[in-house]
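First the structure, in the form of C-alpha cells, and then the observations on it.
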Amino acid sequence: TLLYTIKFEVCMVEVTLSVEGGGVYIVGQTVCCSLLIHNNSDSSDRLAWATGQISGHLSVDERHVKIARENDDGIVNTSALTKHLSNDCFFSSDPEILFCDLVLPPHSHKELKFSGVVPTHSPPSYRGSYIKYSYIVLVGLQRISKPVSLISLPIRIINLPGIGLVDGPKATPSHPFAKKEECLNYEDYFMDKVQSLCCKKPRSFEVKTSLGLVAKVRLTKGAYRLGDPIEVGLEFGDLSCVQVTLKLQAHNL
C-alpha cells in the first residue's frame with residue numbers, strides 16, 4: 001500500500017500521520033488514515049486526547065473575487081479544529097475521537113486508525129490565480145495542561161463528469177464468499193473511467209476572417225490524459241496562409 005506521510009514532534013513525542021493510496025482520491029472514496037505516536041523519551045508521557053477528521057478549505061483573493069458567506073465563522077460545517085485554520089472551511093467530516101488520556105511508556109508507540117469520506121458533490125482540488133480549493137486530513141492532539149497541537153496532511157480530490165463512486169466500482173468477486181470490501185478496486189475503476197472519457201471523439205473548429213475561411217483544425221479527440229500526444233490536422237481554405245503557430249495554453253475558469 002502506498003503511504004503518504006507527515007511527521008510532527010510534540011516535545012519528545014513523535015507523531016506520524018499517514019494516508020493510504022498516495023494522497024489522491026475520487027469523491028465518495030473512503031480516505032483511510034493512520035496516526036502513529038512514538039514516545040522517544042526515557043520516561044512515560046501522557047496525552048490528554050486526539051481527534052481526526054477530513055476538511056475542505058476555500059482560499060479567495062477578495063480583491064478579484066467576492067463570495068457570499070453564510071455566517072461570520074466560515075462558510076459551512078466548521079468544527080472546533082477547523083476554526084483554528086485561516087482559510088474558510090466549506091466541508092468537514094465528523095471529528096473522530098482517537099483516544100482520551102493516553103499513557104505511553106518509555107520508547108513505546110501507539111498506532112490509531114480512522115477514516116472519512118469526501119461527499120460526491122464536493123468540488124475538486126484546484127489551485128487558480130484567484131481561488132483555491134484544498135483538502136486536508138486534520139488531527140488535533142493535546143498534552144496535559146498544554147495548548148492544542150494541529151497536524152494537517154494535504155490530499156488531492158478528483159471530481160470529473162462521469163467519474164464518481166456513487167454506486168461504487170462494479171468489480172466481480174474473485175469467489176462467491178468474498179467480502180464486499182475485497183471486491184472494491186478503486187484504482188482500476190478510476191482508470192477505466194478515465195479511459196472511457198479519453199476515447200477518440202474527434203473535435204474540429206474553423207479559423208475564419210472577414211474575407212473567408214483560413215483553415216479547419218481537426219483534433220483526433222477532445223479529452224487527453226497527462227502524457228498523451230496531441231495530434232492536430234489542418235485543412236486550409238481558399239485564403240493563403242504564410243505561418244502556422246500551435247501552442248497548448250491553460251485557462252483559469
Side-chain angles (χ1 to χ4, degrees), residues 1-10 13-39 47 49-59 77-99 102 104 109-127 132-142 148-160 163-166 168-169 171 179-191 193-194 226:
T1 302
L2 181 61
L3 296 179
Y4 179 42
T5 64
I6 187 171
K7 289 186 178 181
F8 184 81
E9 289 192 3
V10 183
V13 175
E14 183 182 87
V15 181
T16 303
L17 177 60
S18 306
V19 293
E20 297 180 1
V24 181
Y25 305 91
I26 315 169
V27 289
Q29 183 178 354
T30 300
V31 181
C32 298
C33 313
S34 175
L35 185 69
L36 180 64
I37 305 175
H38 195 284
N39 181 12
L47 299 176
W49 57 266
T51 64
Q53 67 183 118
I54 300 172
S55 60
H57 299 267
L58 171 64
S59 176
N77 295 333
T78 57
S79 67
L81 293 184
T82 57
K83 287 182 179 179
H84 289 83
L85 303 176
S86 57
N87 295 337
D88 288 320
C89 176
F90 62 85
F91 156 76
S92 66
S93 62
D94 294 332
E96 186 173 340
I97 298 176
L98 304 179
F99 65 79
L102 175 65
L104 289 172
H109 68 274
K110 179 74 173 180
E111 184 176 13
L112 307 118
K113 295 184 179 295
F114 64 101
S115 62
V117 177
V118 177
T120 55
H121 61 269
S122 302
S125 300
Y126 176 74
R127 292 183 61 86
K132 297 179 178 64
Y133 286 98
S134 59
Y135 293 85
I136 60 173
V137 177
L138 183 62
V139 169
L141 70 154
Q142 185 177 22
V148 176
S149 298
L150 295 180
I151 309 171
S152 62
L153 180 63
I155 58 176
R156 189 173 185 86
I157 300 298
I158 298 175
N159 186 351
L160 296 175
I163 298 181
L165 299 177
V166 178
K179 295 182 180 180
K180 183 178 180 181
E181 290 77 12
E182 296 176 350
C183 302
L184 302 182
N185 191 322
Y186 294 108
E187 289 77 10
D188 291 344
Y189 173 77
F190 174 69
M191 291 308 299
K193 286 292 186 179
V194 171
L226 292 176

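Quick caveat: nothing in here was measured; it's all calculated off a predicted structure.
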Atom [atom1] in [X], atom [atom2] in [Y]: separation rounded to 0.5 Å?
X      : Y      : atom1 : atom2 : answer
Ile97  : Phe114 : CD1   : CZ    : 13.0 Å
Leu112 : Cys33  : CG    : SG    : 12.0 Å
Leu36  : Lys113 : CG    : NZ    : 9.5 Å
Trp49  : Leu98  : CH2   : CG    : 10.0 Å
Arg156 : Ser134 : CZ    : OG    : 11.0 Å

Any non-hydrogen side-chain atom of [X] less than 4.5 Å from a side-chain atom of [Y]?
X      : Y      : value
Ile158 : Val24  : yes
Leu35  : Thr16  : no
Leu17  : Val137 : yes
Thr30  : Cys32  : yes

**Message:** Evaluate Leu150 against Val139 for side-chain contact (heavy atoms from CB on, under 4.5 Å), listing each step before the verdict.
**Reply:** CA-CA 6 Å; Leu150 295 180; Val139 169; over 6 Å; no
Examine distances only and state if a side-chain atom of [X] and a backbone atom of [Y] form a donor-acceptor pair shorter than 3.5 Å.
X      : Y      : value
Asn159 : Pro123 : no
Gln53  : Ser93  : yes
Ser115 : Val31  : no

**Request:** Give the intermediate values and the outcome of side-chain contact (heavy atoms from CB on, under 4.5 Å) for residues Val15 and Leu141.
**Result:** CA-CA 10 Å; Val15 181; Leu141 70 154; 4.1 Å; yes
**Asked** Going by atom types only, do Ser59 and His57 share a side-chain donor-acceptor pair under 3.5 Å?
**Response** no
**Request:** Taking atom types as modelled, find out whether Glu111 and Ser34 have a side-chain donor-acceptor pair closer than 3.5 angstrom.
**Result:** yes
**Request:** Begin from the C-alpha positions of Leu102 and Ile37 and carry the test side-chain contact (heavy atoms from CB on, under 4.5 Å) through to its verdict.
**Result:** CA-CA 10 Å; Leu102 175 65; Ile37 305 175; 4.2 Å; yes
**Request:** Of all the heavy-atom pairs spanning Ser152 and Ile136, show the shortest one and how long it is.
**Result:** CB-CD1, 3.9 Å
**Asked** Looking only at heavy atoms, what is the nearest atom pair of Val118 and Ser122, with distance?
**Response** CG1-OG, 3.4 Å
**Asked** Mind checking whether Phe91 and Tyr135 have parallel, tilted or perpendicular rings, split at 30° and 60°?
**Response** tilted
**Request:** Please say whether more than 12 non-hydrogen atoms of neighbouring residues, nucleotides or ligands are located less than 6.0 Å from NZ in Lys110.
**Result:** no
**Request:** Look at atom OH of Tyr133 and say whether more than 12 heavy atoms of other residues, nucleotides or ligands are closer to it than 6.0 Å.
**Result:** no
**Message:** Show, in sequence, the C-alpha distance, side-chain angles and deciding distance for Ile155 and Ile54, and conclude whether the side-chain contact (heavy atoms from CB on, under 4.5 Å) test is met.
**Reply:** CA-CA 9 Å; Ile155 58 176; Ile54 300 172; 4.3 Å; yes
